[in-house]
Amino acid sequence: MSTDPAIELPFFYGSISRSDAEQHLKLAGMSDGLFLLRQCLRSLGGYVLSVVWNLEFHHYPIEKQLNGTYCITGGKPHCGPAELCEFYSKDPDGLVCTLKKPCLRSPDTPIRPGVFDNLRDNMLREYVRQTWNLEGEAMEQAIISQAPQLEKLIATTAHEKMSWYHRKITRQEGERRLYCGAQPDGKFLVRDRDESGTYALSMMYGKTVYHYQILQDKSGKYSMPEGTKFDTIWQLVEYLKMKSDGLVTALGEPCVNGKAAEEKKPAPPATRRQNGYTPPPQALIAALTTQVSIPTDREVLPMDCSGFNPYHNPNEVRKFNIKRNQLLIDEVELGSGNFGLVKKGVLKTEKGQIDVAVKVLKSENDTAVKEEMMREAEIMYQLSNPYIVRMLGLCNAESLMLVMEMASAGPLNKYLFANKSTLTVENIVNLMHQVSLGMKYLEEKNFVHRDLAARNVLLVSQQFAKISDFGLSKALGADDNYYKARSSGKWPLKWYAPECIDFHKFSSKSDVWSFGVTMWEAFSFGGKPYKKMKGNEVMSFIKEGNRLDCPSACPERMYTVMKECWTYKHEDRPDFKKVEESMRSYHYSISSKAKPEEAAAAAGPV
Ligand code: ADP
Ligand code: MG
């Protein structure tokens, strides 16, 4: 996985050497202004622009600044490599000439990954594993959905998680720790230097300990004296493992900080289980009641919420009956729907209490409605994904009640409408990407939702969305790829694809259509689709080839995805695998760029 913002540029070659770059330019004809972009092998996140002029090569390093902007030394800052290249294609601004012709990568030349790409990936995994105690599928989901946010976090705090980081110890204590046990060359640790907020590196060589001060320049970058500069301590350390860069030798094995190792001990048995072992509900509840403490200076990520991963294995999802005396039902109504009311409640367990949402059946004697709710529970019981509301159990008392985890910020459309003025487009893209992840999961499991709409996407927090309301959902048979409804009921026609209305055929592809409408609602901050039109008017509107307009705040690329979701023929419509890819790539591309204000501030007075 890579979030390199240059990844989509057809003239970006990745981590190739200078001579490889020259070879590509030669093959492409050596015309004046012919250029390509490659990853910088020395500075992280930086690039090199290689340009031909007068049959000669010119290589310009592009540095990534701490605020996320990019510039050629002495040049103007730009918010991404694409913007930078576009700028220099109009104005040479100090280069030998303007960029005239991109040297395009041929299909048999893939982008070459850099040394740090894999490393960054491993770091991310390690960080997620340690911070949220996630493994397997939950870890994958966390990384896919929050990669840009995680990379920012890691850049500043990752060294604190490293076994070689010993926090504030004296030089003498550092020596003592290094002399403990085996003393191979290159054994090292990093410690805080006095009160100055700077760091020191202590390492073993020839049975002697050497100490180095880690320098930090005005812009906050770390380096060894006259060495390569890095944004973070851990990147510097990784680099020094490959290259001595002025040290007596390259770094070898870490001197492990016993304290740090202790903090990393596996989770208590409640959350870590062997395959095949069915946990008692208490264990599951315990996992749900565990709250991670979050540093106050960052936004709350989905993984900080207990609902992200209460189960460690989808097979562990077990329906169980909740006893009436375990359940406190509040008078507060969260919402109302076809079945009756959804009320706020508290589920009491030996391990603690958790907030829950309780769907209370209206007419207890109506067996048809009761069966309908049982079917909804049956579907939910089979699902386990961070982006889907989980069912905790059923309680059969004064009426039949479906107990679910609580998504306290409520339905997406209402939330967006109420917080219009403060929400950013990035935030909405992040949430809709999460919805696409949840839908991709449903598609893989062969379930059709049939009622995907912004009103049925609930928010746990501003950064965490979950799909809910499985009242109309169906599990498809192994050999079926659609569900055929016998009769049309109270259908959300404005969200339905043409084949649903014409032939009563429901599939993941028709959910894709609904996803498009949901996106439209989201980017309209909870606006109503096809405003005044009636259901049947919408049908003819669509048949005539019309579609909803692009909402004013909606980025062009997101509207393109919507229009793809509204492909008339379901055979030609993308599936959720494809939709999620598009959402992911856009989410990553906007989150890794600097905000325009920051870029402007970096440019300073001219
Ligand atoms: P219906 O099938 O009747 O539309 P929903 O499942 O959509 O029922 O629930 C109706 C409303 O109840 C939702 O719009 C929401 O406001 C509230 N609600 C439902 N489930 C939850 C939940 N898990 N957490 C918080 N609120 C919920
Ligand atoms: Mg609903």
Side-chain angles (χ1 to χ4, degrees), residues 285 288 302 305-308 310 322 327-347 353-363 366 368-381 383-395 399-419 431 434-435 438 442 447-462 464-474 489-496 511 514-515 517-518 521-522 526 528-529:
I285 301 297
L288 271 170
C305 306
S306 50
F308 191 81
I322 290 172
L327 199 59
L328 285 176
I329 302 174
D330 215 284
E331 279 315 303
V332 177
E333 272 176 32
L334 295 170
S336 62
N338 298 325
F339 289 108
L341 297 174
V342 179
K343 289 188 174 175
K344 194 167 179 281
V346 174
L347 183 61
Q353 306 194 334
I354 41 169
D355 287 343
V356 292
V358 189
K359 207 177 224 188
V360 186
L361 204 63
K362 220 177 331 198
S363 45
D366 187 340
V369 183
K370 210 166 185 170
E371 269 167 26
E372 229 175 288
M373 185 143 146
M374 292 293 278
R375 271 198 294 274
E376 180 176 359
E378 201 61 46
I379 301 270
M380 287 183 93
Y381 144 68
L383 305 172
S384 175
N385 182 276
Y387 303 111
I388 293 178
V389 170
R390 286 187 175 88
M391 181 191 76
L392 300 172
L394 276 171
C395 177
S399 46
L400 186 62
M401 294 176 277
L402 177 65
V403 182
M404 297 169 280
E405 63 180 351
M406 172 76 146
S408 56
L412 180 67
N413 56 339
K414 287 190 187 162
Y415 189 92
L416 295 178
F417 193 79
N419 297 282
L431 293 171
Q434 294 172 15
V435 176
L442 274 190
F447 283 95
V448 286
H449 188 286
R450 298 181 68 221
D451 200 4
L452 180 59
R455 63 181 173 275
N456 288 329
V457 172
L458 302 182
L459 297 185
V460 177
S461 72
Q462 188 168 315
F464 190 7
K466 283 176 182 265
I467 299 160
S468 80
D469 196 349
F470 291 83
L472 286 171
S473 304
K474 300 283 177 224
K490 271 194 258 166
W491 281 359
L493 295 178
K494 290 181 179 179
W495 282 262
Y496 273 1
D511 280 346
S514 313
F515 179 82
V517 182
T518 309
E521 295 178 272
K528 298 217 177 351

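Values in this document were obtained by computation on a predicted structure and should not be read as measured data. Order of appearance sets the numbers: ligands from 1, and atoms from 1 within every ligand.
Using a 4.5 Å heavy-atom cutoff, the side chains of N413 and T518 are not in contact. Residues E521 and W495 meet the side-chain proximity criterion, which asks for heavy atoms closer than 4.5 Å. For the pair P302 and Q434, the minimum side-chain heavy-atom distance is below 4.5 Å. By the 4.5 Å heavy-atom criterion applied to side chains, V356 and L327 are counted as neighbours.
Contact detail for G438 and I388: the closest heavy-atom pair is O-CD1, 3.8 Å. The heavy-atom pair separating R455 from P492 by the smallest distance is NH2-CB, 3.4 Å. Residues N456 and D451 share a closest heavy-atom pair of ND2-O, 2.9 Å. The shortest non-hydrogen separation linking M380 to R390 is CE-C, 4.3 Å. Across all non-hydrogen atoms, the minimal contact from L402 to A377 is CD1-CB, 3.7 Å. The two residues N419 and Y415 come nearest to each other via the heavy atoms ND2-O, 2.8 Å.
No N or O atom of S468 sits closer than 3.5 Å to an N or O atom of ligand 1. In terms of N/O distances under 3.5 Å, ligand 1 is not approached by S408. Close N/O approach between L334 and ligand 1 is found [any backbone or side-chain N/O within under 3.5 Å]. Between M406 and ligand 1, a contact under 3.5 Å exists for no N or O pair. For ligand 1, the polar-atom distance check finds an N/O of D469 within less than 3.5 Å of one of the ligand's N/O atoms.
Using a 4.0 Å cutoff on heavy atoms, K414 does not count as a contact of ligand 1. A357 counts as a contact of ligand 1, since one of its heavy atoms falls under 4.0 Å from the ligand. Ligand 1 lies within reach of E405, whose nearest heavy atom is under 4.0 Å from it.
Protein heavy atom at the shortest distance from atom 11 (C) of ligand 1 is G335 CA, 3.9 Å. Of the protein's heavy atoms, A407 O, 3.3 Å lies nearest to atom 25 (C) of ligand 1. Regarding atom 27 (C) of ligand 1, its nearest protein heavy-atom neighbour is L458 CD1, 3.6 Å.
Atoms of ligand 1 lying under 4.0 Å from at least one heavy atom of N456, given by number and element, are 7 (O). Taking a cut-off of under 4.0 Å to the non-hydrogen atoms of P411, the atoms of ligand 1 that pass are 14 (O), 16 (O). Residue contact check: K359 has heavy atoms under 4.0 Å from atoms 2 (O), 5 (P), 6 (O), 8 (O) of ligand 1.
The main-chain N or O of R450 is found under 3.5 Å from a side-chain atom of Y496 such that the two form a donor-acceptor pair.
Among heteroatoms of the N, O or S kind in D469, OD2 lies nearest the Mg ion (ligand 2).
When the heavy-atom distances from atom 19 (C) of ligand 1 to V460, V342, V389 are ranked, the shortest goes to V342.
Neither the backbone nor the side chain of D451 comes within contact range of ligand 1; no heavy atom lies under 4.0 Å.
S468 lies apart from the Mg ion (ligand 2) in this respect, since none of its N, O or S atoms is found at a distance under 2.8 Å.
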